[in-house]
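Order of appearance sets the numbers: ligands from 1, and atoms from 1 within every ligand. Along the sequence shown, the residues carry numbers beginning at 1.
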Amino acid sequence: MRILITGATSGIGKQLALDYHAEGHEIWVAGRNEKALAELAEKGIHTGRVDLSNREESLKWFASLDAIDLAILNAGTCEYIDLPEFDSALVSRVMRNNVESMAISIEGLLPLLRKGIRPHLVGVGSPSSYVPMPRAEAYGASKAAIAYMIDTLRISLYREKIDVSLVSPGFVKTPLTDLNDFPMPFIITVAEASAFIRKGIARRRLEIHFPKKFTLILKLLAWLPRSLWCRLAQRMIK
Ligand SMILES: NC(=O)c1ccc[n+]([C@@H]2O[C@H](COP(=O)([O-])OP(=O)(O)OC[C@H]3O[C@@H](n4cnc5c(N)ncnc54)[C@H](OP(=O)(O)O)[C@@H]3O)[C@@H](O)[C@H]2O)c1
């Protein structure tokens, strides 16, 4: 397969790139970290140094590529709101890096996927979009927007026979979660996350969520009356 992965200079995306490359696929990755990109290039992975939140720069890079069979839109960031200050600049940053970057990637990738074999578009969201999470006003909102965008594209792209999947990982140990200062239940390694994602993609699952013992609990909590969930979450903060 010809596979493109965004945000593959570290964490989940990097592991996916290495694992798919080891399986013999041709891989393209995008990111900003030059040193990490050079290391991947040494292994025979095609790289593009692009800031995916920059529309012009990104579309130029996508336009330089040919057919893609599988696109994994994984690039993203996480920042938390710490009241009493509600920092709208933080919200803008998270929305730009997570939602706008994904929209730009989709714009650049759709023409390449249309030329691909059994094309598959995969977006990385988060279970934080299932229920409102403390301090996740920006991150959770960005992932809820991504889930909506991906779920809608699945409907819109059906006639073109482009499959669309949403990935919702629980906590995975990466440079992103290394910054967290709170307990992360059922945290898994990037190798485990990559195995879950590749298995779900091979089966063309609509939503690839893992580990189930974490995501199923959150899915159940999302069924609670919102007033009850709010009371539980307020206790979590205390
Ligand atoms: N780890 C978790 O527990 C967890 C849970 C749920 C969802 N997720 C999601 O999974 C994805 C990967 O997260 P991770 O934990 O692997 O984080 P990570 O190690 O920090 O990796 C994030 C990647 O995104 C890239 N990136 C971010 N903004 C970019 C931009 N504007 N342009 C180009 N590349 C950009 C980074 O590359 P450069 O720095 O080189 O630009 C990096 O390669 C994210 O979307 C995250 O929200 C993670």
Side-chain angles (χ1 to χ4, degrees), residues 4-19 27-41 45 47-62 71-80 92-106 108-109 122-131 133 136 138-147 149-150 165-194 196-197 200 207-211 214-215 218:
L4 187 145
I5 305 168
T6 68
T9 54
S10 73
I12 299 169
K14 180 178 177 184
Q15 189 67 39
L16 281 170
L18 294 174
D19 289 345
I27 313 295
W28 284 260
V29 298
R32 295 167 298 189
N33 182 324
E34 276 184 54
K35 190 166 168 268
L37 289 171
E39 280 168 19
L40 291 169
I45 291 173
T47 61
R49 188 181 177 279
V50 264
D51 177 350
L52 293 161
S53 67
N54 181 324
R55 184 168 180 269
E56 202 182 332
E57 182 183 312
S58 304
L59 293 184
K60 200 169 154 196
W61 181 66
F62 286 121
I72 306 177
L73 308 184
N74 159 82
T77 188
C78 180
E79 289 187 69
Y80 292 113
S92 301
R93 262 197 318 273
V94 172
M95 287 296 174
R96 192 167 58 247
N97 257 315
N98 291 356
V99 185
E100 288 181 35
S101 293
M102 186 170 290
I104 292 166
S105 302
I106 291 167
L109 272 161
V122 178
V124 178
S126 162
S128 64
S129 65
Y130 298 168
V131 284
M133 291 289 187
Y139 181 72
S142 77
K143 292 299 183 178
I146 284 172
M149 187 155 53
I150 291 294
S165 300
L166 176 69
V167 175
S168 307
F171 290 111
V172 183
K173 186 168 169 27
T174 67
L176 184 145
T177 49
D178 284 345
L179 299 174
N180 288 348
D181 55 0
F182 52 81
M184 292 180 276
F186 307 116
I187 190 164
I188 60 172
T189 64
V190 280
E192 290 170 306
S194 165
F196 278 123
I197 294 170
E207 190 194 7
I208 301 157
H209 61 97
F210 58 85
F214 180 68
T215 52
L218 282 181

What about [X]: any of its N or O atoms under 3.5 Å from an N or O on ligand 1?
{"X": "F171", "answer": "no"}
{"X": "T177", "answer": "no"}
{"X": "L52", "answer": "yes"}
{"X": "N97", "answer": "yes"}
{"X": "Y139", "answer": "yes"}
{"X": "P127", "answer": "no"}

salt_bridge(K35, E39) N-O dist < 4.0 Å: yes
Mutual orientation of the aromatic rings belonging to Y80 and F182 [parallel < 30°, tilted 30-60°, perpendicular > 60°]: perpendicular
Option whose closest heavy atom lies nearest to atom 44 (C) of ligand 1, chosen from N74, N54, V124, V50: N74
Nearest-neighbour protein heavy atom for [atom], which is reported as residue plus atom name and distance:
{"atom": "atom 16 (O) of ligand 1", "value": "I12 N, 2.8 Å"}
{"atom": "atom 22 (C) of ligand 1", "value": "G76 O, 3.5 Å"}
{"atom": "atom 42 (C) of ligand 1", "value": "T9 OG1, 3.5 Å"}
{"atom": "atom 19 (O) of ligand 1", "value": "S10 OG, 2.7 Å"}

Heavy-atom contacts under 4.0 Å between [X] and ligand 1: side chain, backbone, both, or neither?
{"X": "T174", "result": "side chain"}
{"X": "M184", "result": "neither"}
{"X": "A36", "result": "neither"}

Verdict with supporting geometry, V172 and T177, side chain to side chain contact (heavy atoms under 4.5 Å, CB included): CA-CA 7 Å; V172 183; T177 49; 5.7 Å; no
Worked verdict on S194 versus D19 for side-chain hydrogen bond (donor to acceptor under 3.5 Å, both in side chains): CA-CA 8 Å; S194 165; D19 289 345; 2.5 Å; yes
Short side-chain donor-acceptor distance under 3.5 Å, H209 and T215: yes
